[in-house]
Amino acid sequence: MTSRFLVVLLAGFVAASCASTPRTTPRDPAAQPRAPLVVVLVVDQMRSDYLEKLGPRFTGGFRRILDEGAWFRNAAYPFMNTITCAGHATIGTGALPYRHGMVLNAWWDRAAARSNPCTSDPSARTIAYMGTAAGGDSARALLAPTLADQLKTSTGGRTAAISLKPRSAITMA
C-alpha cells in the first residue's frame, strides 16, 4: 500500500473517533437522541475494485465500514471536471457544481487579476507550523449546505474533516 493510501485510512479512523453526541442540558441528558455517526471516506483516484481486491485483508474499523457501510462499485459523476474541489463539494453537499459553486480547484478573479483557489479566504486565519499566516481558507464560496451542516442543525453534532489539502476537507465538511 502507498503512504498516501495509509494517510487516508488513518484520516478515516481519526474522523470516526472524533464523532460526538449533541450537547444536552445537565438536567436532562436523555432529552435529545444521540447524533448519528456518519463517516465519509474519500480516497482520490482509488478505483472501487481495490476494495474487492484488498478487502479480505482489512480488519477492525475499516472492515466494519466495508461490511456495514455503503460503497459504490459503479459510481460516476454526471459532470466533466472530477477534480478535487468540485468532486468533494458534490459529495459533501449532494449538489452539482453549478449549484454549489465549486467548479474548479481555482478560477480567475477578474477584479484581482489572478487565479484564486476554490477555498481561498483572505479574512480567514490559518494556523501554520511557524505561527499564524495571513489569509487562509474557508467554505465562503460554497453555495450549498453540506451533510455536516444539516447534521449539526438537526442534532447539534460536530464534524471533523482531515486532509492534506484545504479544498478536500473544507468542501466535505
Side-chain angles (χ1 to χ4, degrees), residues 1-20 35 38-51 65 70-173:
M1 288 196 247
T2 67
S3 61
R4 183 173 182 176
F5 182 70
L6 292 174
V7 167
V8 173
L9 283 178
L10 176 63
F13 292 121
V14 171
S17 68
C18 290
S20 68
V38 178
V39 177
V40 178
L41 179 62
V42 177
V43 183
D44 278 349
Q45 301 178 14
M46 181 177 156
R47 299 182 341 216
S48 64
D49 66 324
Y50 289 171
L51 293 175
I65 290 172
W71 56 286
F72 303 92
R73 290 172 175 88
N74 296 312
Y77 287 99
F79 55 89
M80 184 176 161
N81 288 326
T82 58
I83 45 106
T84 303
C85 204
H88 284 92
T90 296
I91 293 168
T93 64
L96 294 174
Y98 78 96
R99 292 271 188 224
H100 60 61
M102 299 294 185
V103 295
L104 294 168
N105 286 341
W107 47 80
W108 186 256
D109 182 344
R110 289 181 187 171
R114 65 180 171 87
S115 181
N116 232 8
C118 62
T119 57
S120 177
D121 184 356
S123 65
R125 187 181 82 170
T126 296
I127 300 172
Y129 292 111
M130 303 300 287
T132 303
D137 293 278
S138 77
R140 179 179 53 92
L142 192 61
L143 303 177
T146 64
L147 172 62
D149 293 331
Q150 298 297 324
L151 287 173
K152 183 175 182 176
T153 300
S154 65
T155 67
R158 291 187 268 174
T159 298
I162 300 168
S163 177
L164 298 176
K165 298 180 282 189
R167 66 179 172 253
S168 296
I170 290 171
T171 54
M172 291 287 294

Review point. In Å and rounded to the nearest 0.5 Å, what is the OG1 to NZ distance from Thr171 to Lys165?
Key: 9.5 Å
Result block: side-chain N/O donor-acceptor pairs under 3.5 angstrom for residues 104-111, not counting sequence neighbours:
{"unit_1": "Asn105", "atom_1": "OD1", "unit_2": "Cys85", "atom_2": "N", "d": "2.8"}
{"unit_1": "Asp109", "atom_1": "OD1", "unit_2": "Ala111", "atom_2": "N", "d": "3.1"}
{"unit_1": "Asp109", "atom_1": "OD1", "unit_2": "Ala112", "atom_2": "N", "d": "3.3"}

Which atom pair, heavy atoms only, marks the closest approach of [X] to [Y]?
X	Y	value
His100	Ala89	CE1-CB, 3.5 Å
Arg167	Thr119	CA-CG2, 3.8 Å
Ser115	Pro117	O-CD, 3.9 Å
Thr84	Ser168	CG2-OG, 3.2 Å
Asp121	Ser138	OD2-OG, 2.6 Å
Ala86	Pro97	CB-CG, 4.2 Å

Point to revise | NZ/NE/NH1/NH2 to OD/OE distance under 4.0 Å, Asp137 and Arg125 | key: no
Side-chain atoms of residues 143-151: list all donor-acceptor pairs with protein atoms under 3.5 Å, sequence neighbours left out, distances to 0.1 Å.
{"unit_1": "Thr146", "atom_1": "OG1", "unit_2": "Ala148", "atom_2": "N", "d": "3.4"}
{"unit_1": "Thr146", "atom_1": "OG1", "unit_2": "Asp149", "atom_2": "N", "d": "3.1"}
{"unit_1": "Thr146", "atom_1": "OG1", "unit_2": "Asp149", "atom_2": "OD2", "d": "3.2"}
{"unit_1": "Thr146", "atom_1": "OG1", "unit_2": "Ala173", "atom_2": "O", "d": "3.4"}
{"unit_1": "Asp149", "atom_1": "OD2", "unit_2": "Thr146", "atom_2": "N", "d": "2.9"}

**Study point:** Arg140, CZ atom: more than 12 neighbouring heavy atoms under 6.0 Å
**Key:** yes
Point to revise | Working for side chain to side chain contact (heavy atoms under 4.5 Å, CB included), residues Ile162 and Met172 | key: CA-CA 10 Å; Ile162 300 168; Met172 291 287 294; over 6 Å; no
Check your understanding: Among all residues two or more places apart in sequence or in another chain, which pass the side chain to side chain donor-acceptor pair (under 3.5 Å) test with Thr93?
Key -> none
